[in-house]
J.: 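Below you'll find the structure I mean.
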Amino acid sequence: MSDVTTDLFGGPARRAGRVVPVLVPMPAPRPYSYAVPDEMHVEPGSVVQVPLGPRQVFGVVWDGAEDEAVDPKKLRPITKVFDCPPLKEEHRRFLDWVSTYTLSPPGLVARMALRAPAGFDPEPMVEGLRYSGILPERMTAARTRVLDLARDGLSWTRSGLAHAAGVSSSVIDGMTAQGVFETVFIPPPPVVPLPDPDHGASRLEGAQAEAAAELLAEVRALKFSVSLMDGITGSGKTEVYFEAIAETLRQGRQVLILLPEIALTASFLERFESRFGAKPAEWHSDLAPKTRERVWRQAATGDVRVVAGARSALFLPFDDLGLIIVDEEHDPAYKQEDRVFYNARDMAVVRGHIGRFPVVLVSATPSVESQVNGLSGRYRPIHLPVRFGDAALPDLHLIDMRRHPPERGGFLSPVLLRAIGKTVAKGEQALLFLNRRGYAPLTLCRVCGHRFQCPQCSSWLVEHRFRGQIQCHQCGYAERTPECCPECGTFDHLVACGPGVERIAEEVERHFPDARTIVLSSDILGGVKRLRLELDAIAKGEADIVIGTQLVAKGHNFPLMSLVGIVDADLGLANGDPRAAERTFQLLSQVTGRAGRSGLKSHGLLQTYQPQHPVMQAIVSGDAHAFYEREIAERERAHLPPFGRLASIIVSADTRNDAEAHARALRLAAPSTQGITVLGPAEAPLALVRGRHRFRLLVHGQRSSDMQGFLKAMIAAGPRERGSVHVQLDIDPQSFL
DNA sequence: AGCACGCCGACT
DNA sequence: GTCGGCGTGCTC
């Protein structure tokens with residue numbers, strides 16, 4: 001190989017001591033410099049191993065501005081270059097962009113693209129067999145079947161051939177011993193078979209066909225675009241975007257389907273398989289290490305055509321990515337809130353822009369900012385109405401709790417109780433939804449008024465009667481339920497305030513002692529396995545009344561479910577979160593959508609003290625558009641995203657006092673800034689509550705450059721405890737691409 | 001982010 | 001006398 005003239009790092013190589021920048025997985029502000037040993041070939045994007053302090057780490061050879069000379073005495077040589085495709089130019093620009101946008105060190109962003117230790121070297125060849133032309137000494141029926149397959153001269157794996165011929169592998173071994181096969185080395189099999197774009201194509205009609213045609217046109221245009229596809233559950237969004245995937249596959253390009261982690265279910269994969277004849281490669285946090293490496297590598301080589309993954313899949317080193325689908329685009333799980341703070345939905349848009357390919361955002365209840373982008377024409381809106389002849393939507397009604405109060409000590413109104421009774425009597429199922437785990441969210445002493453509070457983070461301790469514990473849902477602190485008040489020592493005067501699912505179950509059992517009642521919440525004893533069993537049991541009709549938290553909102557179909565009761569539809573409306581109304585709308589839409597999917601005439605009843613609230617009105621009238629319009633206007637008034645003309649800053653910290661203190665300092669650091677919102681510990685994400693002296697700034701605004709200048713000044717001037725400032729720019733990325 | 005170094009409290 | 005908590009500083 002010729003050397004000097006092909007040096008990719010500008011000009012002839014200085015033979016003695018070529019130096020390249022390398023991004024290492026630590027929070028340095030820029031790449032470190034390493035010496036390239038003679039005879040070693042590296043180029044920008046090469047995945048390498050380098051010494052860093054006392055250990056060896058993975059890194060990526062970078063490019064860009066020449067960095068100032070580093071003390072040559074510090075310079076150490078690259079240990080090794082991995083034999084894998086270098087990260088592509090567009091991938092590197094993407095990582096740079098994410099680093100700048102999120103104000104995260106580039107090395108930590110690059111680390112997300114290298115999350116497959118040991119996947120960087122090629123997989124070893126697999127030992128295989130090929131027919132040698134020699135016949136076995138004696139023919140048997142089993143041997144004939146094997147030879148019929150092997151005669152084509154292609155290579156087989158030992159177990160693959162045995163399986164295909166329907167014989168045991170000892171038949172193969174016997175033939176091998178007689179020289180029927182010669183050993184060959186074949187490339188390892190792909191992690192998933194190739195998907196066939198024309199495998200299970202179904203004919204789409206009406207609105208679905210029109211929507212698919214629009215997406216197809218975007219794919220064929222071979223350029224950047226963002227489409228926002230909305231339509232309620234059952235309107236066939238998945239079938240429509242499958243058509244866009246098929247077209248991208250026909251172009252020979254790769255596809256990424258982003259899903260919130262919990263939506264990556266077997267049922268989604270099966271749906272994909274029945275359309276394309278093969279499963280997509282999966283990518284999520286609890287993938288087996290071996291599989292993880294293979295998916296990483298095969299995405300890089302192009303052997304994997306479709307990846308369905310959680311947000312981190314966005315950082316895979318695709319060979320030729322041609323389409324990203326972001327399903328459930330409104331889902332907050334797309335936000336990563338530790339180390340590098342980013343929203344995968346927005347970064348997907350950025351990756352599409354850099355790679356010049358289409359991105360499709362999909363949701364039954366789009367986020368307000370995406371809706372705005374759809375309305376303004378920045379994203380192309382595609383609306384799917386309900387298909388004619390489909391199961392009717394549930395018939396939804398509000399229960400005004402001021403007019404139909406529950407009996408003393410209860411939480412279920414007589415109207416809802418009557419409806420449950422009727423449903424159960426018909427042999428159908430009722431779902432009661434309350435997004436609150438445990439028995440009661442607050443316990444207090446009736447004698448002295450003491451309230452049980454978390455000693456670590458100061459939120460209320462939630463009683464879990466079934467486990468005999470009081471727990472902090474913020475930080476995980478738990479203790480045995482005390483029998484007396486720690487303040488005044490009085491026994492038997494502790495009182496539970498407010499309902500949780502366990503308490504609703506108690507009330508239901510009191511009214512319907514003969515009904516089979518199940519409580520479903522994420523803290524269920526027996527974990528995910530038990531949960532799956534319970535869900536199957538419910539689907540088979542082995543329960544009459546199901547009481548569940550938000551985990552019943554997703555996915556599962558209960559064919560016998562004909563009543564949904566929302567115990568407290570107002571819960572979540574008044575928690576200080578600027579997205580409270582939006583989140584409630586999304587959650588309640590999902591839950592009420594659980595009924596009415598079976599052909600049974602079904603009903604939804606929402607208990608509320610605020611029947612006039614826009615969320616309640618939007619849900620029962622089915623007029624989502626009116627809700628969005630109002631919500632958008634509301635935010636415009638409050639200078640909240642996506643319209644904040646001035647920066648809007650949200651500070652959250654582990655105590656409300658800390659948050660207030662930070663906010664005061666921010667006002668001092670940047671007096672022109674308006675709209676500082678302070679969130680207390682209840683709203684602070686778990687990760688931040690756990691680490692002490694950490695706070696988070698959520699900055700909403702429209703222009704990234706302004707935001708960043710402002711933030712840098714503020715960080716320099718503001719209070720900073722051990723450098724642990726985390727910043728999330730919750731801005732529309734398109735406005736400053 | 002890791003990891004070493006270093007300085008004060010309770011224990012095999 | 002040591003073990004071990006986490007504060008501080010460094011890595012091309």
Side-chain angles (χ1 to χ4, degrees), chain A residues 7-10 13-14 16-38 40-82 87 92 95-96 98-100 102-120 285 289 292 311-312 315 336-342 455-457 475 654 658 685-696 715 719-728:
Chain A
D7 187 345
L8 286 151
F9 289 94
R14 287 148 292 165
R18 217 154 57 96
V19 174
V20 293
V22 175
L23 278 183
V24 287
M26 60 149 212
R30 42 190 198 81
Y32 277 1
S33 303
Y34 281 88
V36 184
D38 294 342
M40 182 183 277
H41 171 78
V42 294
E43 57 185 287
S46 294
V47 181
V48 294
Q49 187 179 45
V50 291
L52 182 68
R55 61 215 162 98
Q56 294 284 326
V57 297
F58 299 125
V60 197
V61 176
W62 218 239
D63 45 9
E66 190 93 349
D67 51 337
E68 304 93 74
V70 65
D71 180 0
K73 283 210 289 289
K74 280 188 170 181
L75 215 53
R76 297 168 77 183
I78 294 175
T79 313
K80 139 168 213 193
V81 192
F82 290 97
L87 301 193
R92 299 200 304 276
L95 298 178
D96 272 338
V98 172
S99 163
T100 316
T102 60
L103 302 177
S104 313
L108 295 189
V109 178
R111 202 177 68 144
M112 299 195 294
L114 299 180
R115 284 276 171 82
F120 307 143
S285 57
R292 190 179 192 79
R311 58 176 185 246
S312 57
F315 294 90
Q336 171 152 84
E337 300 191 318
D338 64 275
R339 294 177 186 138
V340 180
F341 284 49
Y342 69 92
Q456 290 174 22
C457 67
C475 69
D654 42 354
D658 283 2
L686 229 56
L688 288 160
V689 172
R690 286 213 183 97
R692 265 187 258 158
H693 303 306
R694 292 200 159 201
F695 65 101
R696 174 177 67 151
I715 289 165
R720 195 149 57 115
E721 316 215 16
R722 303 208 52 246
S724 52
V725 180
H726 290 291
V727 177
Q728 178 176 3

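Everything numeric in this text was worked out from a predicted model, so none of it was measured. Quick note: numbers below take in every heavy atom, side chains included, and nothing from hydrogens, waters or symmetry partners. Each chain gets a letter, A, B and so on, in the order the sequences are listed, and its residues count up from 1.
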J.: State, yes or no, whether a side-chain contact exists between R115(A) and R292(A) at a heavy-atom distance under 4.5 Å.
T.: yes
J.: To the nearest angstrom, how far is Y34(A) atom OH from dT11(C) atom P?
T.: 11 Å
J.: Checking the side chain of R111(A) only, and the main-chain atoms of F58(A) only, is there a donor and an acceptor separated by less than 3.5 Å?
T.: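 Side chain of R111(A) to backbone of F58(A): no pair is present.
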J.: Looking at the side chain of R111(A), which of dC12(C), dC3(B), dA1(B) is the nearest nucleotide?
T.: dA1(B)
J.: Measure from CG on L52(A) to P on dG2(B) and round the result to the nearest Å.
T.: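 Rounded to whole Å, this separation is 11 Å.
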J.: Calculate the interatomic distance between L114(A) atom CG and dA1(B) atom P; express it in whole Å.
T.: 17 Å
J.: State which of dT11(C), dC3(B), dG2(B) makes the closest approach to the side chain of Y32(A).
T.: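 Among dT11(C), dC3(B), dG2(B), the one nearest the side chain of Y32(A) is dT11(C).
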J.: How many whole angstroms separate atom CE of M26(A) from atom P of dG2(B)?
T.: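 The distance from CE of M26(A) to P of dG2(B) comes to 11 Å, rounded to the nearest Å.
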J.: Check the distance between dT11(C)'s P and Q49(A)'s CD and give it to me in whole angstrom.
T.: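 Rounding to the nearest Å, CD of Q49(A) and P of dT11(C) are 20 Å apart.
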J.: Rounding to an integer number of Å, can you tell me how far K74(A) NZ sits from dT11(C) P?
T.: 4 Å
J.: Take the protein atom CG of L23(A) and the nucleotide atom P of dT11(C), then report the distance between them rounded to whole Å.
T.: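 In whole Å, dT11(C) P lies 18 Å from L23(A) CG.
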J.: Has R92(A) got a side-chain atom pairing as donor or acceptor with P44(A)'s backbone, closer than 3.5 angstrom?
T.: yes
J.: Can you name the nearest heavy-atom pair linking G107(A) to L23(A), along with the distance?
T.: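 That closest heavy-atom pairing would be N-CD2, 4.0 Å.
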J.: In whole Å, what is the span from the CE atom of M112(A) to the P atom of dA1(B)?
T.: 13 Å
